[in-house]
2 protein chains.
Amino acid sequence: VPDKLSSRPTPYVVVDLDVLDANIARMAARAAEGGMALRPHVKTHKCLEIARRQVAAGASGITVATVAEAEVFVAAGFEDIFIAYPLWVDAAKGARLRKLAEVATLRVGVDSVEGVEALARNAGLRVARVLVEIDSGHHRTGVPASQAGEVARAAAATGLEVEGVFTFPGHSYLPGQAEHAATDESTALAGAAAALHEAGISADVISGGSTPSAAGTDGEVLTEMRPGVYVFNDAQQVELATCSPGDVALTAYATVVSRSADRAVVDAGGKVLAADRPGWATGFGRLPDHLDARVIALSEHHATIKFPTDEDPPRLGETVRVMPNHVCAAVNLVDELVVMQHGAVIDTWRVAARGANT
Amino acid sequence: VPDKLSSRPTPYVVVDLDVLDANIARMAARAAEGGMALRPHVKTHKCLEIARRQVAAGASGITVATVAEAEVFVAAGFEDIFIAYPLWVDAAKGARLRKLAEVATLRVGVDSVEGVEALARNAGLRVARVLVEIDSGHHRTGVPASQAGEVARAAAATGLEVEGVFTFPGHSYLPGQAEHAATDESTALAGAAAALHEAGISADVISGGSTPSAAGTDGEVLTEMRPGVYVFNDAQQVELATCSPGDVALTAYATVVSRSADRAVVDAGGKVLAADRPGWATGFGRLPDHLDARVIALSEHHATIKFPTDEDPPRLGETVRVMPNHVCAAVNLVDELVVMQHGAVIDTWRVAARGANT
């Protein structure tokens, strides 16, 4: 590991260790205060070293999105894994789940009777406990709370062990909606748990959570939270007012390659920052050292940054730091994270599950 | 290589070889018809096998965006490379360019006097010929045509060899603007070449081109075109009417994991399709087998597809094909491309320069 960043060619992605650790500790305290388990979603960082820090800070296990992510983390010794996704389990995926279950405790999501049957048929009954996914307002996957009993009953009838219900209140990713989304989450999960109860099935796990809604997550209803982004935070979280710029642990380091009176173009484009941009975002990322600047355009290898009239853009060849809009997408573009503490590079961490989409 | 796709877990990315070859042949014919050299931009595919097919079809050399991409292609035997980017050349980058120049002929872009001086100082005078980048209306990098003489003069005064001028008419990526962008490109490049001539420097190479504007590229002015996306095409090109859906050579294969009356959610999200979405696009990609469907939402591992009322969404567990909006960004997310011909898998090609951003 080089001890001077100047020897490393831009663009590269840096994690500030102290900010990371503070973010990990803060969410651990939040979960504890609410009486909830914390099972962080590791799709954000895909990095063994970071997951280990989360577990050391008290996480009860980890959440992943894919079987391939589970394979990477199980191979590294993680033993309690929730695949929070309505898997479609064919014969090949069933065989992979069985192999994982030899050494790890697995939970998987389901949101249809057909999905339950495919899981039972192709993975078997003792491979994973199931959680029924509930749509709490994000309208992506999951069933309405009122239908949770039907899916849970089908699972139980097949012989699968039903552990509870889960949701992702993704509509928290809209300005001013986080509290509202947390209320929806709580209402939907409580309704779903009641529906399971009516079907004679107890919901031991009631799982939700997202980074924007974490402050409002209802510990009276939920037993577990699964936020992911909070370890790093990003420009979206800053603009949603979930965090301050100083809480953003990950930035892309980029070089100014072109410049005019009010603009600088840097060499971190969409192939480093990712092109995610919700309609409400002010641009394609933010600059922690130039908070009034905006990334007004992004192409594969160019970010065009507009500076306010009273601020001179950085000079050609200068290094600038850019916070991605959506850190999960940005991390998935690089093979390693450069770890800094007090301005010095102290390590590099591999993005072990990069591209693990299957 | 498996001979049945069904054994491969979704999501994965497939190239139809016959469509790819037809696209390569069509652009080669277009360039020849206009009396221009074709120097395709390989950042689109990052794949040695595809670049070799382009060269076999008559390409005069290749275009890359970064030194790291050049390193991958030079290591594989490519000898004539244009880094079409206003590089900021520090000592480390200068050393890398010198190493490349031992075995390859290099051209690099410049768009500032400072950039010219850094190149001369840190790479040396005989490492690469320079092309001055011109802003023809995309307003990203490049100088106005009227200032091309100043940059070229600075380069020549330093002792660098100036080979000509280049532009990227990126404003062709707007509906109905391709022809207009081609005219802007031609006007700007002609003006820039004249500015060089006035400075006593001949513009032997006048280079432009983009996939949407390729049909209108002016062979009376330009000596060379550098389109990239045309090898695959994508949903953007379909919606810009640059090509028909049958001309799209690359699709992501995905499984339906969740379903309602008018929607299907598939397992190819932004970590496979990329999140690029210009304001004019109708969604986050298109389905070649369901042209009236729209990808209305995209998250990391979910694409939500809305089907018209008279069409039943595909069933749970079915495989569907999705054309990414921006194929360059999608290819950069995967390690390999699955190559199919006449419905059978015949090869897999490595995305050799994936993540080669520096």
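Proteins get letters first, then strands, A, B, ... in listed order; numbering begins at 1 in each.
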(message) Counting only non-hydrogen atoms closer than 4.5 Å, does V331(B) touch chain A with its backbone (N, CA, C, O), its side chain (CB onward), both, or neither?
(response) neither
(request) For each of P86(B), A68(B), G269(B), tally heavy-atom pairs with chain A at distances under 4.5 Å, and name the one with the top tally. (result) P86(B)
(request) Measure the OG1-NE2 distance between T44(A) and H326(A) for me, rounded to the nearest 0.5 Å. (result) 6.5 Å
(request) With a 4.5 angstrom heavy-atom cut-off, could you sort out which part of E69(B) is near chain A: side chain, backbone, both or neither? (result) side chain
(message) If we ignore hydrogens and angles and just use 3.5 Å, is the side chain of Y173(A) paired with the main-chain N or O of P278(A) as donor and acceptor?
(response) no
(message) What part of V334(B) gets within 4.5 angstrom of chain A, counting heavy atoms only: side chain, backbone, both, or neither?
(response) neither
In a table with atom names and distances, give each donor-acceptor pair under 3.5 Å that connects a side chain of residues 108-118 of chain A to protein atoms at least two apart or in another chain.
| from | atom 1 | to | atom 2 | distance (Å) |
| --- | --- | --- | --- | --- |
| D111(A) | OD2 | G142(A) | N | 2.9 |
| D111(A) | OD2 | S258(B) | OG | 2.6 |
| S112(A) | OG | G115(A) | N | 2.9 |

(message) To the nearest 0.5 Å, what is the distance between CD1 on I296(B) and CZ on F307(B)?
(response) 10.5 Å
(request) Enter the distance from L337(B):CG to F232(B):CZ here, rounded to the nearest 0.5 Å. (result) 5.5 Å
(request) Indicate yes or no: at least one non-hydrogen side-chain atom of V272(B) is less than 4.5 angstrom from one of V13(B). (result) yes
(request) Between chain B and each of V257(A), V143(A), V67(A), count heavy-atom pairs under 4.5 Å; write down the option with the most. (result) V257(A)
(message) With a 4.5 angstrom heavy-atom cut-off, is it the side chain or the backbone of R96(B) that approaches chain A, or both, or neither?
(response) side chain
(request) Examine distances only and state if a side-chain atom of N325(B) and a backbone atom of G285(B) form a donor-acceptor pair shorter than 3.5 Å. (result) yes
(request) Against chain A, work out which of P11(B), A65(B), G355(B) has the most heavy-atom pairs shorter than 4.5 Å and name it. (result) P11(B)
(request) Go through L87(B), L333(B), N332(B), V265(B) and name the one with the most non-hydrogen pairs under 4.5 angstrom from chain A. (result) N332(B)
(request) Mind ranking C328(B), A297(B), A329(B) by heavy-atom pairs under 4.5 Å with chain A and telling me who comes out on top? (result) C328(B)
(message) Using heavy-atom distances under 4.5 Å, tell me whether S260(B) contacts chain A through its side chain, its backbone, both, or neither.
(response) neither
(request) Rounded to the nearest 0.5 Å, what's the gap from CG on L97(A) to CD on E71(A)? Could you check? (result) 8.0 Å
(request) Go through H139(B), K271(B), K93(B) and name the one with the most non-hydrogen pairs under 4.5 angstrom from chain A. (result) K271(B)
(request) Please state whether the side chain, the backbone, both or neither of V256(B) comes within less than 4.5 Å of a heavy atom of chain A. (result) backbone
(request) Against chain B, label T10(A) side chain, backbone, both or neither, depending on which of its atoms sit under 4.5 Å from a heavy atom there. (result) backbone
(message) Between T255(B), D267(B), T66(B), L316(B), who has the most heavy-atom pairs with chain A when the cutoff is under 4.5 Å?
(response) L316(B)
(request) With sequence neighbours excluded, give me every salt bridge (Lys or Arg N to Asp or Glu O under 4.0 Å) pair touching residues 325-338 of chain A. (result) R8(A)-E336(A), D335(A)-R354(A), D335(A)-R354(B)
